[in-house]
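Accompanying notes for the structure given below.
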Amino acid sequence: MSRPVCVRMPPSPTGLFHVGTVRTMLFNWLFARGRGGRVVLRFEDTDVARSTEAAVEHAEAVLRWLGIDWDDGPYRQTQRYGIYQEAVEDLIAKGAAYRCYCTEEELAAERARRQADGRPLIYSGRCRHRPAAELEALAAQGRPAVVRLALPETGTTAIEDVVHGTVEWDNALQGDHVILRPDGSPTYQFANPFDDIAMGVSHVIRGEDLLPSTPRQLALYRALGAPEPTFAHLPMVLGPDKRKLSKRHGAISVEEFRDAGVIADALVNYLALVGWSYDDHTTYMTRAELVERFTLERVTRSPGVFDPEKLEWLNGEHLRALPPEAFAHELQNFLVAASSPLADRPERIAEAAPLVQEKMRVLGQFPRLAGFLFGPPERDPASWERVGRDERAPASLRAARTALAGVDPWRSDTIEAALHAACEREGTKPRVLFMPVRVALTGSTVSPGLYESLELVGRDESLARLDAALADLAT
RNA sequence: GGCGCGUUCGUCUAGCCGGUCAGGACGCCGGCCCCUCAAGCCGGAAACGCGGGUUCGAAUCCCGCACGCGCCA
């Protein structure tokens, strides 16, 4: 029963990576990495119409960004058709599979008949039991044939699923499924388990949507005499409407979260928590902790709703946990990737980073929060309106201007002292006097700390911004 | 329609070989701090799908139902 751990990640390269499929890959990866196992990456690109080369490269890039690596592959199923066809021929020779010549019309008629009789809508196995002579005649006519796997017709098939326990199916309700199409291409139901066998996969960890296909896949293992894997069917990741996550749920792809400024460790941490928990209270975990702590036994059975808000909160936690230099690096990389104009000034980013590290949930907030450190502030209309409504604003600005003009040296602590002295002279509370100053300097009532911001903007520019605000207020 | 899986605060979850005020987290509300916003700290509202049964005692075990989702068709 115990053999080397090997898991696989079998994405279909058909587009963006949504968080549900990444969650499944992550669980595979965590499981394997935690016990010295092997990870196989295999692109299931048999849907030729929808699979693209760009999607393959894109998928690899996303996995690299996530820090999810692999030891073997990437394989492409489209490059393995010869192997599949040969294997199918062997199965036919062994009597474990057979050619089926039934036409679409015949199949539809059969289905209608069964429906009318209230019998299960499965393939009857007509060609399986057809006399050899009849089969040959059909072949001679040049009728296209599919290949079906001969499933057990009686009894039950059961698995011991790591997360669901014993799950059992009635074989009489399965019906022989197609494994090879007339054009020689394999079906998912064949290529997927066949490759798992060929690649030595020991643990099949996949979404629960695949649970119903397990008995037919198991039949292939048995036909091939292959050792059966351990199965773990993970609960679905749902959208807010409790349905399987899909594009129409809005932002659900890894790329979208990355572009919003979610860092890989935070996404990995969050995703690990959808369908799994370490204990009754731990939420924040590093990648290393996750690898060390992950077990399939603690995977939940019930589906979970993906919550972007909690992801953003957790991202904030990860951002704050970063050493300041590491945070600055993340910021820099993010701005470059986003091709932000701020990205050309790494020194300034490094200076600005400490002012915002505590305030951000996602990196994407940076330009709005700290843009004023890179150039003239963009005035937020609502904020500016508040200044306009404050009749003490001109006095506050003037008092601050006078106080700041005399500050020497220009440092946050000396600035703080000067500003507080100004408050005392004016007889106003800091919050009152600072508001217009903050808006004049940053363009918004929401900003990083005022003293540090003034320091970074510099004396001349700061005074100029106060003057500009004063002038605008006068008109 | 058949088969399968599931059901604890709005959400993620702990607890499920019977006994806890059903715990933690996000979000929400209030407060403290305070140069704004965050962060931090303090406090609050908020859950065992329903019905039976077993038991001194059930979220936990048994039976039935309902609902949701998934797969096949």
Side-chain angles (χ1 to χ4, degrees), chain A residues 107-108 110-112 114-123 156 159 161 163-165 167-175 177 189 207-216 233-245 270-284 298-317 319-321 355-361 365 368-369 380 383 386 396 400 412 415-416 419-420 422-423 428-439 441-442 444-454:
Chain A
L107 259 17
E110 185 180 273
R111 231 176 286 127
R114 286 178 163 266
Q115 180 128 43
D117 298 349
R119 297 161 62 208
L121 269 26
I122 58 172
Y123 177 61
T156 60
I159 59 166
D161 188 275
V163 345
H164 292 281
V167 184
E168 194 178 48
W169 295 267
D170 186 344
N171 291 152
L173 266 26
Q174 291 301 328
H177 61 285
Q189 295 295 3
E208 198 190 287
D209 49 344
L210 268 0
L211 185 55
S213 67
T214 307
R216 54 189 61 233
H233 286 92
L234 309 176
M236 296 281 85
V237 180
L238 310 176
D241 59 356
K242 304 282 176 88
R243 286 168 172 276
K244 203 175 156 183
L245 212 51
Y270 176 74
L271 253 18
L273 260 13
V274 180
W276 177 81
S277 65
Y278 174 57
D279 58 20
D280 65 345
H281 65 279
T282 307
T283 303
Y284 178 93
R298 285 193 64 85
V299 171
T300 344
R301 275 166 294 278
S302 48
V305 174
F306 180 82
D307 181 4
E309 275 195 289
K310 190 163 184 173
L311 167 61
E312 290 197 0
W313 165 79
L314 192 53
N315 193 58
E317 295 290 305
L319 253 23
R320 265 169 253 124
L355 308 206
V356 296
Q357 185 168 8
E358 290 247 303
K359 299 185 178 300
M360 300 200 314
R361 285 161 84 91
Q365 294 172 308
R368 190 168 48 72
L369 204 54
D380 166 54
S383 297
R386 266 189 69 185
S396 298
S412 64
I415 291 168
E416 176 174 5
L419 249 20
H420 275 98
C423 287
T428 55
K429 293 208 157 285
R431 61 187 315 137
V432 174
L433 189 137
F434 289 9
M435 194 276 283
V437 177
R438 161 172 282 116
V439 175
L441 185 78
T442 72
S444 170
T445 53
V446 176
S447 82
L450 188 55
Y451 320 131
E452 293 77 9
S453 296
L454 283 162

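It should be emphasised that the depicted structure is a prediction, and the values quoted were computed from it without experimental measurement. Hydrogens, waters and symmetry mates are skipped; everything else that's a heavy atom, side chains included, is used. Below, chains carry the letters A, B, ... as their sequence lines are ordered, and counting in each starts from 1.
Under the rule for a salt bridge (Lys or Arg N to Asp or Glu O under 4.0 Å), Asp380(A) has no partner lying at least two apart in sequence or in another chain. Remark: Pro436(A) engages Val387(A), Asp390(A), Ala393(A), Ser396(A), Leu397(A) in a side-chain contact (heavy atoms from CB on, under 4.5 Å) (not counting sequence neighbours). With sequence neighbours excluded, no residue forms a side-chain hydrogen bond (donor to acceptor under 3.5 Å, both in side chains) with Glu452(A). Under the salt bridge (Lys or Arg N to Asp or Glu O under 4.0 Å) criterion, Arg431(A) pairs with no residue, sequence neighbours left out. Considering only residues two or more places apart in sequence or on other chains, Thr282(A) meets the side-chain hydrogen bond (donor to acceptor under 3.5 Å, both in side chains) condition with Asp279(A). Scored by the side-chain hydrogen bond (donor to acceptor under 3.5 Å, both in side chains) test, Glu110(A) finds Ser124(A) as partners (sequence neighbours excluded). Residues satisfying the side-chain contact (heavy atoms from CB on, under 4.5 Å) test with Gln365(A), not counting sequence neighbours, are Met360(A), Arg361(A), Val362(A), Arg368(A). Partners of Ser447(A) according to the side-chain hydrogen bond (donor to acceptor under 3.5 Å, both in side chains) rule, which considers only residues two or more places apart in sequence or in another chain, are Arg438(A). Contacts of Gln357(A) classified as side-chain contact (heavy atoms from CB on, under 4.5 Å), with partners at least two apart in sequence or in another chain: Leu322(A), Pro324(A), Phe327(A).
The same atom, P, is picked in C50(B) and in G10(B); the two are 13 Å apart, to the nearest Å. Going from the C1' atom of C72(B) to that of U11(B) covers 31 Å, rounded to whole Å. The gap from the C1' atom of G30(B) to that of A46(B) amounts to 15 Å, rounded to the nearest Å. If you take atom C1' in G43(B) and the same atom in C48(B), they sit 25 Å apart, rounded to whole Å. On the P atoms, C28(B) is 44 Å away from G64(B), given to the nearest whole Å. With C1' as the reference atom, C65(B) and G6(B) are 16 Å apart, rounded to whole Å. For the C1' atoms, the distance from C9(B) to A73(B) is 39 Å, rounded to whole Å. C21(B) sits 14 Å from A58(B) when the P atoms are compared, rounded to a whole Å.
Taking the side chain as every heavy atom from C-beta outward, Leu271(A) and Phe306(A) approach each other to under 4.5 Å. At least one side-chain heavy atom of Trp169(A) sits under 4.5 Å from a side-chain heavy atom of Leu211(A). Residues Leu419(A) and Leu454(A) form a side-chain contact, since some pair of their non-hydrogen atoms from C-beta on lies under 4.5 Å apart. Contact of the Ile415(A) side chain with the Leu450(A) side chain is not registered, since no non-hydrogen atoms from C-beta on lie closer than 4.5 Å. The shortest distance between side-chain heavy atoms of Arg386(A) and Thr445(A) falls below 4.5 Å.
Ring geometry, His420(A) versus Tyr451(A): the interplanar angle falls from 30° to 60°, so the pair is classed tilted.
To the nearest angstrom, C1' of C72(B) lies 12 Å from NE2 of His177(A). If you take CG of Leu314(A) and P of A39(B), they are 13 Å apart, rounded to a whole angstrom. Glu312(A) has its CD atom 12 Å from the P atom of C28(B), to the nearest Å. Across the protein-nucleic acid pair, Asp279(A) atom CG and G23(B) atom P stand 16 Å apart, rounded to whole Å. The NE2-C1' distance, from His233(A) to C71(B), rounds to 11 Å in whole Å. Rounding to whole angstrom units, CD of residue Glu358(A) and C1' of C33(B) are separated by 14 Å. Counting to the nearest Å, the P atom of C67(B) and the CG atom of Asp241(A) are 19 Å from each other. When the C1' atom of U36(B) is taken as reference, atom CZ of Phe434(A) falls 11 Å away, rounded to whole Å.
Residue-level contact check: Glu317(A) touches the backbone only, with heavy atoms under 4.0 Å from sugar-phosphate atoms and none from bases. Using a 4.0 Å heavy-atom criterion, one finds that Val167(A) contacts the sugar-phosphate atoms exclusively. Residue contacts for Arg114(A): at a heavy-atom cut-off of 4.0 Å it reaches no nucleic acid atom on any strand shown. Within 4.0 Å (heavy atoms only), Ser447(A) reaches at least one base atom of the nucleic acid. Heavy atoms of Arg216(A) sit nowhere under 4.0 angstrom from any nucleic acid atom.
Side chain of Arg111(A), nearest nucleotide from A73(B), C5(B), U36(B): A73(B). In this structure, the nucleotide among A14(B), C26(B), C37(B) sitting nearest to the side chain of Asp280(A) is A14(B). Comparing G23(B), G27(B), A39(B) against the side chain of Arg320(A) picks out A39(B) as the nearest.
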Contact list (N/O, under 3.5 angstrom) for nucleotides 1-3 of chain B vs protein:
none

Check the interface with nucleotides 6-12 of chain B: list each N/O to N/O pair with the protein under 3.5 Å, or write none.
residue : atom : partner   : partner atom : Å
G6(B)   : OP1  : His164(A) : ND1          : 3.3
U11(B)  : OP1  : Lys242(A) : NZ           : 3.0
C12(B)  : OP1  : Val305(A) : N            : 2.8
C12(B)  : O2'  : Leu273(A) : O            : 2.9
C12(B)  : O2   : Lys310(A) : NZ           : 3.3

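Base pairing analysis places G70(B) opposite C3(B); the two distances defining the Watson-Crick or G-U wobble pair are each below 3.5 Å. A47(B): no Watson-Crick or G-U partner with both key distances under 3.5 Å is found in any strand. Across every strand in view, C61(B) sits in a pair with G53(B) that passes the Watson-Crick or G-U test at under 3.5 angstrom. When both pairing distances are held under 3.5 Å, G18(B) makes no Watson-Crick or G-U pair with any nucleotide shown. Base pairing annotation: G30(B) forms a Watson-Crick or G-U wobble pair with C42(B), both donor-acceptor distances under 3.5 Å.
In terms of phosphate contacts, Arg361(A) brings no side-chain nitrogen or oxygen within less than 4.0 Å of OP1 or OP2 of C26(B). Taking 4.0 angstrom as the limit, Ser277(A) places a side-chain polar atom (N or O) nearer than this to OP1 or OP2 of A14(B).
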For every nucleotide of nucleotides 43-50 of chain B, 5' to 3': is a protein heavy atom under 4.0 Å from its base (B), only from its sugar-phosphate (S), or from neither (-)?
--------
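Nearer the 5' end of RNA chain B, as judged by each residue's closest nucleotide, is the contact made by Pro235(A), out of Pro235(A) and Lys359(A). Heavy-atom distances to RNA chain B give each of Met435(A) and His281(A) a nearest nucleotide, and the one nearer the 5′ end belongs to His281(A).
In this model, a side-chain donor or acceptor of Arg438(A) finds a partner on the base of C35(B) within 3.5 Å.
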